[in-house]
Amino acid sequence: MKPTTLTKCECVRRARNLNQQAVSYRLGGQMKRARELVQKRKQYMAAARLFA
């Protein structure tokens, strides 16, 4: 992921959104999909930290 294509705020917003989706999938019993979303969330948060 190229951190320069998004602002820090957008990265954090997308990460939070992905976290909410992951929680929903986890509650629905779809653990594999939830894990994929958590991995993507971690990438967005890592990109956001580059702006700090």
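Atom set for the values below is all heavy atoms of this structure, side chains included, hydrogens, waters and symmetry mates excluded. The first residue of the sequence shown is numbered 1, and numbering continues consecutively from there. Since this is a predicted model, take the numbers as computed values, not measurements.
Summarising the geometry of Leu37 relative to Ala22, their closest heavy-atom pair is CD1-N, 3.8 Å, with the distance given to 0.1 Å. In terms of heavy atoms, Tyr44 sits closest to Ala15 at CB-CB, 3.9 Å.
Note that CZ of Arg13 is 5.5 Å distant from CD of Glu10, once rounded to the nearest 0.5 Å. With values rounded to the nearest 0.5 angstrom, Lys8 atom NZ is found 10.0 Å from Cys11 atom SG. Of the inter-residue distances, the one linking Asn19 atom CG with Met45 atom CE reads 9.5 Å to the nearest 0.5 angstrom. Annotation: the span from Asn17 atom CG to Lys40 atom NZ amounts to 11.0 Å, rounded to 0.5 Å.
By the side chain to side chain contact (heavy atoms under 4.5 Å, CB included) test, Arg35 is found to be paired with Met31, Lys32, residues two or more places apart in sequence or in another chain being considered. Residues that satisfy the side chain to side chain donor-acceptor pair (under 3.5 Å) test with Gln30, not counting sequence neighbours, are absent from this structure. Scanning for side chain to side chain donor-acceptor pair (under 3.5 Å) contacts around Arg26 gives an empty result, with sequence neighbours left out.
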